[in-house]
2 protein chains.
Amino acid sequence: MDLVIHQDKMNQIIDILKKNGLSITEGRVQILELFLQNEGALSHADIEKKTSAAFDRVTVYRTLQTFVEKGIVHQIPTTDNSILYGLCKDHCEAGHHHDEHVHFVCNNCNKTICLDDVTVPKVNLPKGFKPLQAAMVVKGFCDDCKFN
Amino acid sequence: MDLVIHQDKMNQIIDILKKNGLSITEGRVQILELFLQNEGALSHADIEKKTSAAFDRVTVYRTLQTFVEKGIVHQIPTTDNSILYGLCKDHCEAGHHHDEHVHFVCNNCNKTICLDDVTVPKVNLPKGFKPLQAAMVVKGFCDDCKFN
DNA sequence: TAAAACATGCAACATCATTGCAAATATATG
DNA sequence: CATATATTTGCAATGATGTTGCATGTTTTA
């Protein structure tokens, strides 16, 4: 393995992978690095582009799946037949995500941002419904694109 | 056209189509009927199954697209690479949906239900973010599956 | 009822996702 | 530090999903 990643960041990445019992491979390191340096969420296609297709599509799929299972990233629902993945900032554990923050999709720059400090509010469900998790996606114009 | 749909329902369906300036075709009638008799949301695949593939895949795609454009159904975000469509109960207009109700996905029966009476609460966004629409998906156990 | 407008089905194609398996890489062990 | 074991990767094949153009069929209009 031979990457141009700053030592600190590299240590952080290795730390995350080890903590989750994952072996350190070039693909996992590079993909995790993408998430760490990107404020927005990433799709499978984004990752392929940003890594210049250095890895097989299949590897990317499997890496994302592994990361979701381990609680390193979480999935963000979309209405366009894609899945977005966002870094779990807090304390997600394998199989148990605590990603109850609001996601923001900008209609202009099209970025999806995790608003880690905005938690999804509780809602009152009809009798008989038992909630376990909740996701919320807000669309509009982001901080950079507020020309409107 | 020759269907076994009760007269009242048929009138309702024709009414919806006419109100939206759509011609009355067998495909549109049957697909709209599915939505009216189903409490849950439907995916493209669901519709193909429930109509026993009576219509070409393309027709189903185009019908759903038309319904979304006219405000007859709305799209529901998912994390599984599919799009779900739910009937717009209220007063959606072409190009302008008012589907700000909560969607519920049951972890057991896997149905997605529009909770038309539960509106998506407003949240406070960080400075600079301008919200336009909001979607919310709650997962858990539904009224029928509350064995837990 | 005929003409015009519109919707459908087919075919071809493009994209996206999954699986099995052999080769390569990382980790554990002596 | 070298080797054995376990894990991960890439390739190939396949399947699922979504899109487009165009000829045909159906609905609506006049």
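Below, chain A is the first sequence line, B the second, and so on; all start at residue 1. Remember, it's a predicted structure, so these values are computed and weren't measured experimentally.
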Please list, chain by chain and in numerical order, all residues satisfying salt bridge (charged side-chain N to carboxylate O under 4.0 Å, His left out) with A/Asp117, sequence neighbours excluded.
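Salt bridge (charged side-chain N to carboxylate O under 4.0 Å, His left out) list for A/Asp117, sorted by chain: empty.
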Looking at residues at least two apart in the chain, or sitting in another chain, which of them share a salt bridge (charged side-chain N to carboxylate O under 4.0 Å, His left out) with B/Lys111?
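For B/Lys111 the salt bridge (charged side-chain N to carboxylate O under 4.0 Å, His left out) partners, ignoring immediate neighbours, are B/Glu39.
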Residues in ring-ring contact (aromatic ring centres under 6.0 Å, His included) with A/Phe104, at least two apart?
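With sequence neighbours excluded, A/Phe104 shows a ring-ring contact (aromatic ring centres under 6.0 Å, His included) to B/Phe129, given in chain and number order.
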With a cut-off of 6.0 Å (strictly less than), are more than 12 heavy atoms of other residues, nucleotides or ligands near CG of B/Asp144?
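More than 12 heavy atoms, drawn from other residues, nucleotides or ligands, come within 6.0 Å of this atom.
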Starting at the 5' end of DNA chain D, which residue's closest nucleotide do you reach first, B/Gln65 or B/Lys18?
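With B/Gln65 and B/Lys18 compared, the 5'-side residue is B/Gln65.
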Under the criterion side chain to side chain contact (heavy atoms under 4.5 Å, CB included), I'd like the reasoning laid out for B/Phe67 against B/Leu17: C-alpha separation, chi angles, the key distance, then a yes or no.
CA-CA 9 Å; B/Phe67 283 3; B/Leu17 292 177; 4.0 Å; yes
So which pairs with a foot in residues 46-55 of chain A pass salt bridge (Lys or Arg N to Asp or Glu O under 4.0 Å), sequence neighbours left out?
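Applying salt bridge (Lys or Arg N to Asp or Glu O under 4.0 Å) to every pair that reaches into residues 46-55 of chain A, excluding sequence neighbours, yields A/Glu48-A/Arg57.
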Send over the distance from A/Gln75 CD to C/dA17 C1', rounded to a whole Å.
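Rounded to whole Å, this separation is 14 Å.
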B/Asp80 CG - C/dC16 P separation (whole Å):
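It is 17 Å, rounded to the nearest whole Å.
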When you check every protein heavy atom under 4.0 Å of nucleotides 6-18 of chain D, what one-letter string (B, S, -) results, 5' to 3'?
-SSBBBB----BB
Anything under 3.5 Å between a protein N or O and an N or O of nucleotides 1-3 of chain C, put it in a table, one pair a line.
none

Do side-chain atoms of A/Thr66 reach the backbone of A/Arg62 as a donor and acceptor pair under 3.5 angstrom?
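Checked: pair present.
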Of the non-hydrogen atoms in B/Met136 and A/Ala134, which two are nearest, and what is the gap between them?
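What the structure gives for the nearest pair is CE-CB, 4.1 Å.
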